[in-house]
Amino acid sequence: MLTTRIAAFLVAVSLAAGGLVVTAASAEARPGCTYRIVRVKTRLNIRVEPRGRIVDKLYPGDRTWGSCKKHGKWRRVHGTEIGRRGFAFGRYLKKIGRR
């Protein structure tokens, strides 16, 4: 969420200055699916790989984005606490749209 706001700010500043800036966040935000966190009481861990080391967290009701592709029962998404990319168990993600 923070990276989306930063990317929007950079685009607005560059348009006001008459230039065009393409950031990694804005280019990356286009394809994929949007998810809402469900069936979680405390937090959902984001891992480096399925069943791997924890690198970020998502909280109940958070919205995130990531790949629509399935990796077994896991999905590749972005965390909201630090903004790192990783894997979350698909049972706790409800797809709410495509980007």
Side-chain angles (χ1 to χ4, degrees):
M1 304 242 184
L2 180 62
T3 57
T4 304
R5 284 188 233 143
I6 291 170
F9 174 76
L10 290 174
V11 169
V13 168
S14 68
L15 290 176
L20 179 62
V21 174
V22 178
T23 63
S26 64
E28 181 181 67
R30 299 204 196 288
C33 290
T34 305
Y35 300 98
R36 189 175 73 228
I37 309 309
V38 295
R39 299 186 200 107
V40 174
K41 292 186 180 185
T42 56
R43 69 180 177 272
L44 176 63
N45 292 322
I46 303 298
R47 299 174 180 273
V48 173
E49 59 187 10
R51 292 183 291 235
R53 182 175 55 89
I54 298 169
V55 293
D56 205 346
K57 296 174 182 73
L58 292 165
Y59 296 94
D62 277 356
R63 291 181 183 207
T64 188
W65 68 97
S67 173
C68 294
K69 183 179 176 186
K70 297 177 182 179
H71 299 272
K73 294 183 178 182
W74 297 78
R75 306 288 183 276
R76 190 169 183 92
V77 296
H78 287 81
T80 57
E81 191 169 275
I82 302 172
R84 298 186 93 186
R85 206 166 67 171
F87 291 87
F89 199 70
R91 179 177 193 269
Y92 303 107
L93 300 170
K94 179 178 181 179
K95 186 162 92 172
I96 57 175
R98 292 185 69 95
R99 294 175 60 95

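Numbers here simply count residues along the sequence, with the first being 1. Small disclaimer: the values here were computed from a predicted structure and weren't measured.
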Trainee: For residues 40-48, which side-chain N or O atoms pair as donor and acceptor with protein atoms under 3.5 Å away, sequence neighbours left out?
Mentor:
| residue | atom | partner | partner atom | Å |
| --- | --- | --- | --- | --- |
| Arg47 | NH1 | Gly52 | O | 2.7 |

Trainee: Sorted by first residue and then second, give each disulfide (SG to SG under 2.5 Å) pair with at least one member in residues 48-99; sequence neighbours left out.
Mentor: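 Every pair satisfying disulfide (SG to SG under 2.5 Å) with a residue in residues 48-99: Cys33-Cys68.
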Trainee: Rounded to the nearest 0.5 Å, how far does CD1 of Ile96 lie from OG1 of Thr34?
Mentor: 5.5 Å
Trainee: For Leu93 and Val38, what are the C-alpha separation, side-chain angles and deciding distance, and is it a side-chain contact (heavy atoms from CB on, under 4.5 Å)?
Mentor: CA-CA 6 Å; Leu93 300 170; Val38 295; over 6 Å; no
Trainee: By ring-ring contact (aromatic ring centres under 6.0 Å, His included), which residues pair with Phe87, not counting sequence neighbours?
Mentor: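 Partners of Phe87 under the ring-ring contact (aromatic ring centres under 6.0 Å, His included) test: His71.
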Trainee: Got a donor-acceptor contact below 3.5 angstrom from the Arg39 side chain to the Arg91 backbone?
Mentor: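 It does hold such a pair.
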Trainee: Measure the CZ-NZ distance between Arg84 and Lys57 for me, rounded to the nearest 0.5 Å.
Mentor: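 Answer for the CZ-NZ pair, Arg84 versus Lys57, is 11.5 Å.
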Trainee: Does Glu81 have any side chain to side chain donor-acceptor pair (under 3.5 Å) partners at least two apart in sequence or in another chain, and if so, which?
Mentor: Tyr59
Trainee: Atom CG of Leu58 and atom OG1 of Thr80: how far apart are they, to the nearest 0.5 Å?
Mentor: 4.5 Å
Trainee: Just by distance, do the side chain of His78 and the backbone of Gly83 share a donor-acceptor pair under 3.5 Å?
Mentor: no
Trainee: Can you sort out the partners of Phe89 under ring-ring contact (aromatic ring centres under 6.0 Å, His included), two or more places apart, ordered by chain and number?
Mentor: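 By the ring-ring contact (aromatic ring centres under 6.0 Å, His included) rule, Phe89 matches Trp74.
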Trainee: CZ/Arg76 to CH2/Trp65 distance, rounded to the nearest 0.5 angstrom?
Mentor: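 That separation rounds to 13.0 Å.
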Trainee: Please check if the side chain of Thr64 supplies one atom and the backbone of Val77 the other of a donor-acceptor pair under 3.5 Å.
Mentor: no
Trainee: For residues Tyr92 and Val55: do they belong to one hydrophobic cluster (side chain heavy atoms under 4.5 Å, members Ile, Leu, Val, Met, Phe, Trp, Tyr)?
Mentor: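 They do share one cluster, since a chain of ILVMFWY contacts under 4.5 Å joins Tyr92 to Val55.
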Trainee: For Arg75 versus Lys69, what's the shortest heavy-atom pair and its separation?
Mentor: CD-O, 4.1 Å
